[in-house]
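For this chain, numbers begin at 1 and follow the sequence in order.
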Amino acid sequence: MQPREQPWHRGAASGLLLLLLLLLLAVAVVPSDAKRDIPIGAIFHGDNYEAEIAFRYAVERVNMHEKHFELVPLVKYVSAEDSFKTERKVCELAAEGVTAIFGPSSILTAGIVGSVCKTLEIPHIVTHWDPEPLGGTDPALQAMSINLYPEADVLSRALADLIVDYSWKSFTIIYDTDEGLMRLKDILQIHGPNDAPITVRQIDDDPDYRPLLKDIQSSGESHIILEIRPERIVELLRQAKEVKMLEEYQSYIITSLDAHTMDFEELRYSRSNITALRLMDTKSFDIKNAVHDWEQGEARMKRLFRVSPEHVQTESALYNDAVKIYATAIRELDATEEITPSRLSCGSKNLRQWPFGLRIVNYMKVKTEHGITGPIIFDDYGRRTHFHLDIIELSKEEGFKKIATWDPTHGVNYTRSQGEVYSQIVESLQNKTFIVASRIGAPFLMHKEKKEGEFLEGNNRFEGYSLELIDGISKILGFQYRMELVPDGKYGSYNKVTKKWDGLVKHLLDRVRERGTVKRRTAVALTTVSLLASLQKADLAVCDLTITYERRTAVDFTMPFMTLGISILYATPVQQPKDLFSFLSPLSLDVWIYMATAYLGVSVLLFVLSRMAPADWENPHPCKQDNDEVENIWDMLNALWLTMGSIMGQGCDILPKAVSTRLVAGMWWFFALIMLSSYTANLAAFLTMERMDATIESAEDLAKQSKIKYGAVVGGSTMSFFQTSNFSTYQRMWAAMESARPSVFTKSNDEGRDRVIKGKRLYAFLMESTSLEYMTERYCELTQIGGLLDSKGYGIAMPVNSPYRTAISGAVLKMQEEGKLHQLKTRWWKEMHGGGRCDGKASAASSDSAAELGIGNVGGVFVVLAIGCSCAFIIGILEFLWNVRKVAVEERITPWDALKAELKFALNISVTSKPVHNTLSESTASGKSSLRSKSESRRESEVAGRANNVRTGASLMNLDKLGLGFGSKN
């Protein structure tokens with residue numbers, strides 16, 4: 001008998017059959033192209049809630065678009081300091097077959113995860129700052145690591161480029177962890193040994209940062225770099241505002257890439273500049289789409305999550321991009337070979353590695369992607385070496401505003417226009433009152449003369465070029481100003497011994513220090529101390545302050561409002577008394593003596609040769625060919641007359657005829673031609689040129705001599721120019737000035753001017769050409785010597801990195817283009833306070849010396865003419881009296897009658913002919929006839945004697961022809 005089948009057996013069999021049918025049905029229903037699960041792991045710390053949300057919904061968005069696989073997120077949580085639990089969680093994920101592990105964000109735990117992933121060849125993707133690649137710099141040790149956070153060295157270079165672009169010469173670094181200081185290594189390396197010192201201050205866990213901020217304030221530092229955790233940034237700046245460290249001359253750079261996530265609402269209206277860096281463009285479509293996914297996904301899970309694109313954390317954005325780039329690698333590699341997960345064990349003796357891990361990592365390293373955080377490019381170590389940063393600045397209207405970008409190729413590139421910058425600065429200047437420091441020095445700033453009963457206060461106490469310049473700038477930009485004098489009256493020079501500045505530069509640098517002293521007071525004493533401190537601070541410095549390299553290292557300058565150079569102030573040359581006989585000056589005394597000797601010698605030689613030469617003996621009556629008498633006209637007087645006429649260029653009425661005498665005359669004429677031409681040419685130069693005493697004409701002339709001393713204003717740019725010059729001439733001049741005793745340096749230009757005037761041309765003053773021009777317009781006894789020794793400019797000084805430099809420079813340029821600067825200079829140099837006084841004298845002196853000769857130049861010629869005429873007149877009188885005496889003797893009349901007769905005839909100007917003998921009167925006719933007969937008989941005897949002499953001479957000549965001359969030999 002067969003056993004009876006139990007009812008429960010039948011029920012079990014039917015259940016198994018039903019289960020089998022359901023399984024077969026499920027297999028038949030599932031399509032052949034179903035998605036494969038690809039698990040990925042993530043390890044988060046407890047405070048990474050936003051990052052976890054970004055990771056989960058990035059995976060969800062990838063799965064929405066993928067057709068062949070589905071990413072399955074497996075999330076583990078560990079403590080940032082628990083390395084043992086971290087290792088265990090990694091092994092759990094490996095055992096579950098994850099194809100990649102994301103995170104964690106701690107350097108300590110990430111190192112443990114990276115080590116396990118390297119062993120099992122599982123891709124390890126991190127999103128935090130790391131000073132070096134995970135596993136070191138050996139590619140084999142970190143072959144499985146990918147880090148989406150900007151590479152440490154490149155990020156440090158970005159901060160260094162920003163510091164250089166901002167022209168920060170000195171700054172203070174505030175940090176809270178050693179890792180933070182490591183992030184700034186490039187900033188510390190750009191600082192040279194000769195640069196201003198960098199201060200590094202660390203803050204502890206004490207929430208009161210005021211003591212530290214007050215110490216920084218008292219040091220005078222206005223540039224601060226904050227390398228602290230994001231949650232401490234706002235509190236530190238809020239306390240800085242309490243101690244007045246958020247003023248217009250303070251600037252802050254926040255190095256954290258999450259600074260934009262903080263609430264800066266209460267700091268938006270501070271006057272300081274707060275700059276930060278951001279890795280993502282918060283206005284891009286990708287980040288807005290990601291934030292929308294996060295909010296909608298949490299809403300489906302009945303959880304409230306709100307975040308704006310402007311406040312997304314950098315780590316969250318990096319997780320989003322990490323999932324995206326990993327999914328891209330899986331998709332493209334899976335198209336060539338199916339990627340299958342594998343369950344791996346950390347403690348297995350026969351260690352097995354995932355075969356696809358290395359391929360995926362290598363593909364990600366060469367793949368270029370663009371995500372929420374911009375372009376993503378890795379190097380061979382898996383480091384993100386190419387990325388874009390937004391440089392953002394806190395503004396009043398919209399919080400952090402993008403002003404520039406940075407990338408490793410192009411560096412800092414500003415996105416806002418100069419017009420926007422200028423408008424922003426001008427807007428901040430409205431209704432602001434500047435303290436303008438200056439010094440007394442004409443014509444830039446002078447005390448205004450009070451009228452009777454007038455009371456002057458404020459800016460009305462002063463007048464001058466500087467006042468009108470800053471007044472014109474204030475009208476363009478719309479600010480107010482208050483002029484104050486610098487206490488020591490100096491321009492500003494650096495003392496290398498004390499390492500301190502003086503003058504106007506010190507006044508600008510002391511602004512922050514004095515302000516710090518005020519802010520440490522209690523509220524009761526604040527007002528009194530502020531009044532005292534206001535005398536020792538300034539926003540601007542305006543005067544004849546030269547822009548130099550040394551000053552530029554301490555303060556900022558606007559564009560030059562006046563160009564100039566160093567020149568030499570010297571006393572006007574003393575005009576020598578005019579020489580009455582200046583016409584003798586072209587030839588020296590020796591030449592005049594030699595000429596007189598030559599004149600007498602040639603005359604005597606001509607006289608002697610003419611006596612010896614037969615050709616110069618002539619027939620006195622050419623019409624009588626048989627005349628027995630010859631005569632020689634070349635007596636001593638005629639010889640002197642010929643040479644005199646020749647040297648005077650007038651010639652002579654008688655000329656020699658013999659060869660010898662003509663040769664002498666020709667040589668004399670040649671001599672006279674050369675001497676006369678040389679004299680005439682040199683005389684023109686002597687008569688048209690003022691003869692001055694010895695003078696200097698250039699800096700080289702000063703350097704070559706030691707009689708004339710020279711100096712400059714002590715501590716001024718002119719003194720600095722010679723002190724630092726490498727030119728040999730200027731080095732010699734500096735050595736002479738430095739060693740001169742008594743000192744050749746002065747305290748002001750006015751003192752130098754007075755010293756030149758009183759120095760009687762034994763002192764020259766080196767000064768800037770603008771002040772020199774002002775003095776020479778008013779002191780006619782002063783003049784400028786030579787040209788400019790250099791080229792420089794006057795500028796308006798202000799504290800380093802002043803936000804108003806661009807606007808004020810623009811106003812100066814506008815005044816220059818409109819011609820207002822030229823008008824100001826003309827007004828204060830040539831019109832006000834005696835300007836232009838020497839223009840008329842200078843032009844008149846120039847015209848006179850070039851076009852006219854005074855009586856003082858040619859008066860000696862008139863004297864010679866007068867003396868000559870006087871001598872001639874005296875000789876003429878003597879000749880007249882001698883003739884009267886002769887007539888009286890010959891005519892046998894009284895001298896008185898002869899004088900009257902001759903004088904009467906001489907005064908009768910209508911008579912042009914004169915008889916040989918005068919008929920004195922009718923009553924003396926008989927006497928005259930007797931006298932005439934006696935004269936005729938005497939004359940006949942004289943003629944007979946001359947005939948006898950001629951005959952005797954002829955007889956002697958005939959004897960000579962016959963050879964019977966005296967002294968002849970047989």
Interatomic spacing from [atom1] in [X] to [atom2] in [Y] - rounded to 0.5 Å:
X	Y	atom1	atom2	answer
Y166	I253	OH	CD1	6.0 Å
F745	E751	CZ	CD	12.5 Å
L469	W828	CG	CH2	12.5 Å
H833	Y774	NE2	OH	6.0 Å
L766	I566	CG	CD1	7.5 Å
F765	S771	CZ	OG	9.0 Å

Salt-bridge present ([X], [Y]; N to O < 4.0 Å):
X	Y	value
E221	R201	no
K506	D488	no
D701	K704	no
D471	K475	yes

Residue pair [X] / [Y], side-chain donor-acceptor N/O under 3.5 Å:
X	Y	result
S717	E768	yes
T729	E700	no
T275	N273	yes
S567	Q784	yes
T770	Y794	yes

Would the distance check show the side chain of [X] and the main-chain N or O of [Y] forming a donor-acceptor pair, the cut-off being under 3.5 Å?
X	Y	answer
T415	I403	yes
S809	M559	yes
T572	L782	yes
R271	E248	no
D556	M798	no
N459	M483	yes
R778	M775	no
T255	L226	yes
Y763	V744	yes
R761	A571	yes

Hey, does the Lys NZ or Arg CZ of R552 hover above the aromatic six-ring of F557, less than 6.0 Å from the centre and inside 45° of the axis?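 No cation-pi geometry.
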For the residue pair [X] and [Y], what are the closest heavy atoms and their distance?
X	Y	result
A811	I476	O-CD1, 3.9 Å
P799	L508	CD-CD2, 4.1 Å
S493	D502	N-OD1, 2.7 Å
I198	I173	CG2-CD1, 4.3 Å
L824	M815	CD1-CE, 4.2 Å
H507	A437	CD2-CB, 3.4 Å

Is the count of non-hydrogen atoms from other residues, nucleotides or ligands lying under 6.0 Å from [X] atom [atom1] greater than 12?
X	atom1	answer
Q480	CD	no
K490	NZ	no
K814	NZ	no
Q705	CD	yes

Which class fits the ring pair F727 and Y730: parallel under 30°, tilted 30 to 60°, perpendicular over 60°?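 Correct class here is perpendicular.
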Please work out whether the ring planes of Y804 and Y249 are parallel, tilted or perpendicular, with thresholds of 30° and 60°. perpendicular
Are [X] and [Y] packed together at the side-chain level, in the sense that at least one heavy-atom pair is separated by less than 4.5 angstrom?
X	Y	result
I225	I163	yes
T433	D539	no
H447	L485	yes
N749	R753	no
L788	L564	no
L821	M562	no
I435	E484	yes
T548	K792	no

Those residues that, when tested against N460, pass side chain to side chain donor-acceptor pair (under 3.5 Å) (two or more places apart):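 N460: no side chain to side chain donor-acceptor pair (under 3.5 Å) contacts found.
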List the residues meeting side chain to side chain donor-acceptor pair (under 3.5 Å) with T746, not counting sequence neighbours, and say none if there are none. none
Please collect all ring-ring contact (aromatic ring centres under 6.0 Å, His included) contacts where either partner lies in residues 469-489, sequence neighbours excluded, each pair once.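 For residues 469-489, and leaving out neighbouring residues, the ring-ring contact (aromatic ring centres under 6.0 Å, His included) pairs sorted by first residue read F434-F479.
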Between D790 and F721, does a side-chain contact (heavy atoms from CB on, under 4.5 Å) hold up when you go through it step by step? CA-CA 9 Å; D790 67 342; F721 169 78; 3.8 Å; yes
Step by step, work out the side-chain contact (heavy atoms from CB on, under 4.5 Å) result for I216 and I174. CA-CA 10 Å; I216 297 174; I174 300 178; 3.7 Å; yes
W829/F444 under ring pair (Phe, Tyr, Trp, His ring centres under 6.0 Å): CA gap, chis, key distance, verdict: CA-CA 10 Å; W829 264 254; F444 291 92; 5.5 Å; yes
side-chain contact (heavy atoms from CB on, under 4.5 Å), that's the test. Do F462 and I440 meet it? Break it down for me. CA-CA 9 Å; F462 309 106; I440 295 297; 4.3 Å; yes
Qualifying residue, where the test is ring pair (Phe, Tyr, Trp, His ring centres under 6.0 Å) with H223 and the options are F171, W168, Y252: W168
Using the side-chain contact (heavy atoms from CB on, under 4.5 Å) rule, take E227 and L181 through it: C-alpha gap first, then chi angles, then the decisive distance, then the call. CA-CA 7 Å; E227 175 49 67; L181 195 59; over 6 Å; no
